[in-house]
Amino acid sequence: MFEIQAGKFTNTFCESWNIKRLSNFKYLRPENEQFHFLYLYFAKNNNRQFFEDMIKSALQTERAKYAPKMPKALHGNVKIVYGSNTESVADQEEIKKIFPHTYGLPLVTFAEGGDGEILPVMNVGVILSGGQAPGGHNVISGLFDGLKKLNSENKLFGFLGGPGGLVSHQYVELTAAIVEEYRNTGGFDIIGSGREKLESTDQFDKGLDVCRNLNIKAVIVIGGDDSNTNACIIAEYYLHKGSDIQVIGCPKTIDGDLKNEMIETSFGFDTACKVYCELIGNIMRDANSAKKYWHFIKLMGRSASHIGLECALQTQPNVCLISEEIAENEQTLQQIVDDLVNVISNRAAKGENFGVALIPEGLIEFIPEMKVLISELNDLLAEGHATADAFNAQVTDDEKRDYVIQHLADESSRVFRSLPKGIAKQLTLDRDPHGNVQVSRIETERLLIEMVEKRLSVLKRQGEAKVKFSAQNHFFGYEGRCAAPSNFDADYCYSLGRTAALLVANGKTGYMASVRNTTAPSDQWIAAGVPFTMMMNMEKRHGSLKPVIQKALVRLDDAPFKAFAAKRNDWAIQTAYVYPGPIQYWGPSSVCDATTKTLQLEQGKYA
Ligand code: FBP
């Protein structure tokens, strides 16, 4: 048996065996051994094509050939155009004080022009940070191609397993052969991702060391609002230390909450929503065929309800809860349940004992009494606080529960006690490294089903008509995060990668790559750079105020929510389901290239 391990495959060995080096040779896991053994076997026997067919679907093989579309300005020679200086969205004085070197930088855009001069050789590092989002591999391939276009000797290094890879000096050189394997594919597996938060100067200095050792000029952080906030802190620190290492960000997250005036959408949102909409549509057809279940579907998205709203606009469910509206109207949990019971009863009166309800993942955090409870829990369980240590020292679940009950304020303690034990426990689970409650682990959809059942049985006891209610619960999140990117995400991500390369080449640091005008045909997209600090405000994290990139929640006065609100009462009572079907990669542009309804409504594309 071959001992398959990284480092055992020298180039000569590979050549003699006719082996193409696979990108993940460097960190083979035991379960891959058989796979690689097969590869060796087939390669040796000159039957590589057979092996390729075994490991790739026909779709993957064809999709690998897709050439992403990008802004016209990025095709030929490019010049940088400077815009006006910027200010942070709020808390200007505080942000300026914390980021003296990166505050107030000008906006930049890239336009056709320039002399196409070959720039000196440069090395660049890239990090995938946080939750997976479709299109990450295309950011990397765009970055790679952009760097090679600037100088064919340029090199790209990928830090492994997220930001932690920078600190622990785990990296791989991303060669053309490796990048080729991943073009237009979903996932972050080219280098892996992680949620490690870089916050200490020790970590920053270790990052500096590896950059110096590898002669890296810039680090590209592909991440969400928290990761890009960190990227800004690192950019500022390196300038403060007199280092010329640049830090550039790219807007990633399926949640769709990293958007603002300059960032129209985060990548991955389009594809993930399309995957969820396909699944929701399938469930709707099932519900409408069997006519016996209510399906409660929780949708990822962390705090913001963008994913739920987009899925509602695409599929027209009977109910879609929008957390931001619930917070605005200060609805209690019981009121939400009562509203659900109304819709269920009204449909039952028409003989329709089935339906589909979409529930945003972060709902629980927006219900006023729960919000107070979670905020108190966050402070109580904040890492490093004595109360958190005392909580962790409790051994059994019951002891932990009692500890929390005793240490919360009276009202929160009452709310905590009123919750089913399982849900209450889920609220006390570890926060993520940025201090967020891990909402994906809270089973809100089950909680609502349970409460609806209870309410219906109370109503029945009070003499109301019996309502048949049988429910199924679902949670869609991980199903969509690594899907093969839609054409929109493939193009958008590739363009972001190319833009990031230009920001590096122009010596920028403390900027996020931005691609705008995204509902127009891609050749009219605008490639640009936005200072991180422009998107920042002060927010409470881990119990104290911190500068962070502002999260974009659903705005009730924006077109997407208004379009939904205008229709939802009809959808509640009628069965007006739309079945979007799977993502299409080839076919009419109206089907294959169209992006989300959210973006189209925001950009006035529906009158
Ligand atoms: P990012 O903000 O890092 O993109 O992650 C988003 C997300 O997919 C959320 O929607 C979800 O709540 C969370 O990640 C789940 O995290 P994990 O992958 O750690 O379970």
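Whatever order the structure lists ligands and atoms in, that order sets their numbers, starting from 1.
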Participant: Where the closest heavy atom to atom 15 (C) of ligand 1 is concerned, which of Lys551, Glu361, Gln132, Arg481 has it?
Facilitator: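 Ranked by closest heavy atom to atom 15 (C) of ligand 1, first place is Arg481.
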Participant: Give the numbers and elements of all ligand 1 atoms closer than 4.0 Å to a heavy atom of Gly131.
Facilitator: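 Here the atoms of ligand 1 in question are 1 (P), 3 (O), 4 (O), 5 (O).
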Participant: Strictly distance-based, threshold 3.5 Å: is any side-chain N or O of Ser375 a donor or acceptor partner for the main-chain N or O of Lys371?
Facilitator: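 Looks like no, no N/O pair under 3.5 Å.
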Participant: Any idea how His306 and Phe269 line up, ring-wise: parallel (<30°), tilted (30 to 60°), or perpendicular (>60°)?
Facilitator: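 Geometry flag for Phe269 against His306: perpendicular rings.
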Participant: Any idea which of Lys252, Arg195, Arg441 brings a heavy atom closest to atom 13 (C) of ligand 1?
Facilitator: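 Comparing heavy atoms across Lys252, Arg195, Arg441, the nearest one to atom 13 (C) of ligand 1 lies in Arg195.
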Participant: Between Lys425 and Asp397, is there a salt bridge with N-O shorter than 4.0 Å?
Facilitator: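 Salt bridge between Asp397 and Lys425, a charged N being under 4.0 Å from a carboxylate O: yes.
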Participant: Which is closest to atom 6 (C) of ligand 1 by heavy-atom distance: Ile442, Asp255, Asp225, Leu299?
Facilitator: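 Minimum heavy-atom distance to atom 6 (C) of ligand 1 goes to Asp255.
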Participant: Is Ala133 in contact with ligand 1, taking contact as a heavy-atom separation below 4.0 Å?
Facilitator: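 No; Ala133 lies far enough from ligand 1 that no heavy-atom distance drops under 4.0 Å.
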Participant: Contact between Gly224 and ligand 1, counting heavy atoms under 4.0 Å?
Facilitator: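 Heavy atoms of Gly224 never come under 4.0 Å of ligand 1.
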Participant: Going by the order shown, which atoms of ligand 1 are within less than 4.0 Å of some heavy atom of Tyr478?
Facilitator: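 Those qualifying, in numeric order: 15 (C), 17 (P), 18 (O), 20 (O).
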Participant: For the side-chain contact (heavy atoms from CB on, under 4.5 Å) test, which of Val452, Asn473, Asn318, Ile449 pairs with Trp294?
Facilitator: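 Of the listed options, the one satisfying the test is Asn318.
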Participant: Would you mind checking if Lys259 and Glu602 are paired as a salt bridge, meaning a charged N to carboxylate O distance below 4.0 Å?
Facilitator: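 The answer is yes: the pair qualifies as a salt bridge.
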Participant: If the cut-off is 4.0 Å to any non-hydrogen atom of Gly301, which atoms of ligand 1 fall inside it?
Facilitator: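 Selected atoms, number and element: 10 (O).
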Participant: Does Arg63 make a cation-pi contact with Tyr66 (under 6.0 Å, within 45 degrees of the axis)?
Facilitator: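 Flagged: Arg63 positioned over aromatic ring of Tyr66.
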Participant: Looking only at non-hydrogen atoms, which of Asp257, Leu258, Thr253, Ile254 approaches atom 4 (O) of ligand 1 most closely?
Facilitator: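 Result: the heavy atom closest to atom 4 (O) of ligand 1 is in Thr253.
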Participant: Does His295 reach the main-chain N or O of Gln472 with its side chain, forming a donor-acceptor pair under 3.5 Å?
Facilitator: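 Side chain of His295 to backbone of Gln472, a donor-acceptor pair under 3.5 Å: no, none is there.
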Participant: Under 4.0 Å from any heavy atom of Gly130, which atoms of ligand 1 are there?
Facilitator: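 Under 4.0 Å from Gly130, ligand 1 has these atoms: 3 (O).
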